[in-house]
Structure formats: C-alpha cells, structure tokens
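Step one of this worksheet: look at the structure below.
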Amino acid sequence: MLVDSFGRRHTYLRISLTERCNLRCMYCMPAEGVELTPNPQLLSQNELVRLANLFVSSGVDKIRLTGGEPTIRKDIEEICSQLSSLKGLKTLAITTNGITLARKLPKLKECGLSSVNISLDTLVPAKFEFMTRRKGHERVMESIHTAIDLGYNPVKVNCVVMRGFNDDEICDFVEMTRDKPINIRFIEFMPFDGNVWNVKKLVPYAEMLDRVVKQFTSLKRLQDHPTETAKNFTIDGHCGTVSFITSMTKNFCAGCNRLRLLADGNFKVCLFGPSEVSLRDPLRSGVDDHELGEIIGAAVKRKKASHAGMFDIAKTANRPMIHIGG
C-alpha cells in the first residue's frame, strides 16, 4: 500500500500519455509554446504498462489518462486495453479536450475506458477560439453528446473559470445539467509556469457558488467521499450535477489520494510540488519491480501535508500544465 507519513492511502494514479496537444489553452500552455521532451525520453507503451501494473499491485484502483491531449497518442487503444485488464483496477478514466474524442470513443469504450472528463471553458465558439488559439468548439460539443449516447453517466465537463473571460457563463454551464447526465466541474484558475496567473483572474469558489445559488435556489450539497477533490451539488429537477474544484481557496490536501506519472517517466506526488523522481531511468537501467516499488514508496513517504498557498505556488518553479498532465 502506498501510504504517506500522514496516513493518506494513495489509490489514484494520473498518467500523462503525451506532452503534445492539438489546442493551445491559455491556462495550460505559454503563448510561445513549450519545448517538448524528445520521443526516446518518453515512456514506451510497455514501460507505461509495467509501471501502471506496479502501482495497481500496490493498491491503486483508479487510473486517469491525461496529456497533453491523450487521444492523439497513436497507441491509446492498446494502452487502454492493457490497463483495463490489470487485476485490481476498478476505474480507467480519461481527461481530454474532446477535439478527436467523438470518433475514437466507441473503440476506447470497447477497450475498457470507463469514465470520461471533457474540458470545455466556454459555450461561445468565438470565445473558444480565442481561449484555445484554435478552432474546434463544435467538435467538443459533439464529443460530449457522443459520450452521453454511449452511456457514460455522468459525462464530466471541466471548466476553468477566469474572471473577464468566461465567468459570465457559469449559469449557462449549469443549465446543461438540466436534461443531460452531465457533471459540470468549475475549476479555480491555478498558477503554472507560463500561464500568466494573476489573482485578479481567479474567481473563488465562494463567489461562483453565490452566483449559482442565486439562479438555482434548490442547489444542495452532497456528502462527499473524504478523498473527493470536488465539492458536489444537486439541483432539484436536474438530471446532472454541479461541482467545484477549489484548489486555491479551500484545498483538499488532507484527503489527497492522488499520484502523477508524467509522460517522460517522472513521478510527482503533488501537482503543485516541484519535486519529481524519475522512474524511467532506473527502469531502463534494469532494476526489478521490487526496487522500483522502493523508489515509489520512498517518494510517497516524502509527500508534504499540504501544498503551499496560492501566492507561494505562483512564485515556485514548476512545469507548465502541458508537461505535468491535466
């Protein structure tokens, strides 16, 4: 079991399949782009599955595939098939921008993909193009509808809220939950290298909640699991749900059960912590699974009680989100 010095048991691994992406979202990638890790330094399919198996045998029961954009990796179907067959894994999820998902999702579901999060920060096509520096709004909407048609319930829609960009659409997003099994997840804007984070752009959870409850007066808080990252709500008469991810103003570090494996094989125990440990290098040097397990366990033991405050995070050197994995 992967237990840190504060007694937190880690059962959730996020694996970044690639640093590449077909969008250029402002909060994720610097305007000038990022230097990509050369392909030979990225984990191969076999290396990725071997490491994932090691985590699952140590108690991880949920894996989420991230990027970059995970659907642009050519072997994603084979990866899903192999991961979903790991004994002990209960959930195989993906976080995607939805640009190519609609045509790939039927096969991915056959390969064992059991949960879908789709990122969408605006319902206005022109604004989408401004925020992502690319076209494609209609393809993301198509992917949401495809996921619903294929029976994913809920289909989670991630929305990073930024003042002056899309905070005027909060209630429009909530309206999407009325007739469809959609879980809208409002995410506080977080600082990463190159995304020009500014506290003035942050719309705090309390303000978002106040805006929603004024229009949807039957909003009711659900009882959340201790390891849940989101604060979850229902609305009377709505098929879907509303959630808030409050990393900046009300962190959830005390119940954190998440670990991250980056596309280059580096291992992070905290999204906002700068420390990383390479698993690729010892794996390629020939160490066995027991030794790899020791390296992983030692890194987990060093995990801190909580991340720094948002102003300190903004000043701490960390990778761009495109490198870490969404």
Side-chain angles (χ1 to χ4, degrees), residues 13-52 63-83 92-105 107-108 111 113 116-121 128-140 142-144 146-147 157-158 160 187 190 192-196 259-268 271 276 278-281 283-284 318-326:
L13 177 67
R14 302 174 70 100
I15 300 177
S16 175
L17 296 185
T18 178
E19 296 173 353
R20 297 182 181 276
C21 190
N22 43 13
L23 296 180
R24 296 291 182 270
C25 300
M26 293 185 295
Y27 55 79
C28 184
M29 186 184 287
E32 67 276 11
V34 295
E35 185 175 344
L36 297 172
T37 304
N39 279 341
Q41 295 176 30
L42 300 177
L43 291 178
S44 69
Q45 181 185 142
N46 288 339
E47 290 170 333
L48 189 152
V49 172
R50 179 183 168 188
L51 288 173
I63 289 177
R64 177 174 299 281
L65 304 177
T66 69
E69 172 48 40
T71 62
I72 66 175
R73 182 154 169 163
K74 291 182 174 61
D75 57 355
I76 187 170
E77 292 173 0
E78 293 90 343
I79 289 172
C80 284
S81 185
Q82 290 194 57
L83 292 181
L92 180 61
I94 193 169
T95 295
T96 167
N97 62 29
I99 292 291
T100 65
L101 184 68
R103 61 184 172 85
K104 295 186 177 185
L105 191 53
K107 182 63 175 177
L108 290 175
C111 293
L113 187 70
V116 175
N117 286 51
I118 299 172
S119 298
L120 178 65
D121 301 316
F128 177 92
E129 188 174 342
F130 174 76
M131 294 178 76
T132 66
R133 308 182 182 109
R134 296 291 187 275
K135 296 182 184 293
H137 183 269
E138 71 289 342
R139 281 182 279 171
V140 182
E142 181 188 0
S143 291
I144 292 172
T146 298
V157 176
N158 296 345
V160 176
I187 302 171
M190 298 176 278
F192 293 98
D193 273 15
N195 74 350
V196 199
L259 303 168
R260 291 173 180 264
L261 179 62
L262 279 56
D264 63 2
N266 275 16
F267 176 48
K268 281 176 78 79
L271 171 61
E276 300 179 5
S278 177
L279 301 182
R280 178 201 64 205
D281 293 348
L283 186 153
R284 291 183 179 178
N318 199 357
R319 296 216 232 180
M321 195 62 175
I322 191 78
H323 276 172
I324 297 172

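Because only heavy atoms are used, hydrogens play no part in the values below, and waters and symmetry mates are left out as well, while side chains stay in.
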Please answer whether the main-chain N or O of Thr37 pairs with a side-chain N or O of Glu19 as donor and acceptor at a distance below 3.5 Å.
yes
Among Leu262, Thr18, Leu261, whose side-chain contact (heavy atoms from CB on, under 4.5 Å) with Leu43 holds?
Leu261
Please check this pair: side chain of Arg64 against backbone of Ala93, looking for a donor-acceptor N/O pair closer than 3.5 Å.
no
Of all heavy-atom pairs linking Ser119 and Val140, the shortest is O-CG1, 3.8 Å
Any non-hydrogen side-chain atom of Leu120 less than 4.5 Å from a side-chain atom of Asn158?
no
Do you know the tightest heavy-atom contact between Arg139 and Lys135?
NH2-O, 3.9 Å
Can you measure from SG (Cys80) to CG (Leu108) and round to the nearest 0.5 angstrom?
5.0 Å
Can a donor-acceptor pair be found, under 3.5 Å and without considering hydrogens, that links the side chain of Asp121 to the backbone of Val160?
yes
What is the distance from atom CZ of Arg280 to atom CG of Leu51, rounded to the nearest 0.5 Å?
11.5 Å
If you take all heavy atoms of Gly68 and Ser16, which pair is closest and at what distance?
N-OG, 4.5 Å
Please confirm whether the backbone N or O of Arg14 pairs with a side-chain atom of Arg260, one donor and one acceptor, at under 3.5 Å?
no
Any side-chain heavy atom of Ile94 sitting closer than 4.5 Å to one from Asn117?
no
For a quick test of reading the model, state the closest non-hydrogen atom pair linking Ala102 to Ser143 and the distance between them.
N-OG, 3.1 Å
Here the gap from Leu113 atom CG to Ile76 atom CD1, rounded to the nearest 0.5 Å, amounts to 7.5 Å
Indicate yes or no for a side-chain donor-acceptor contact from Ser81 to the backbone of Glu77 under 3.5 Å, with no hydrogens or angles considered.
no
Interatomic distance, Met131 atom CE to His137 atom NE2 [nearest 0.5 angstrom]
10.5 Å
Criterion side-chain contact (heavy atoms from CB on, under 4.5 Å) on Leu283 and Leu279, from CA distance to verdict:
CA-CA 6 Å; Leu283 186 153; Leu279 301 182; 5.8 Å; no
Inter-residue atom distance Thr66.OG1 - Leu13.CG, 0.5 Å rounding
9.5 Å
Closest heavy-atom pair and its distance - Thr95, Pro70:
O-CG, 3.3 Å
Any donor-acceptor N or O pair under 3.5 Å, side chains Gln41, Asp264
no
Using 0.5 Å steps for rounding, measure from the OG1 atom of Thr96 to the CD1 atom of Ile118.
6.5 Å
Looking at Leu42 and Arg284, what are the two nearest heavy atoms and their distance?
O-NH2, 2.9 Å
Taking the side chain as C-beta and beyond, is there a heavy-atom pair between Asp75 and Arg73 under 4.5 Å?
yes
Ignoring hydrogens and angles, tell me if any N or O in the side chain of Glu69 forms a donor-acceptor pair with the backbone of Arg20 under 3.5 Å.
no
Indicate whether any N or O donor in one side chain lies under 3.5 Å from an N or O acceptor in the other, for Thr71 and Thr100.
yes
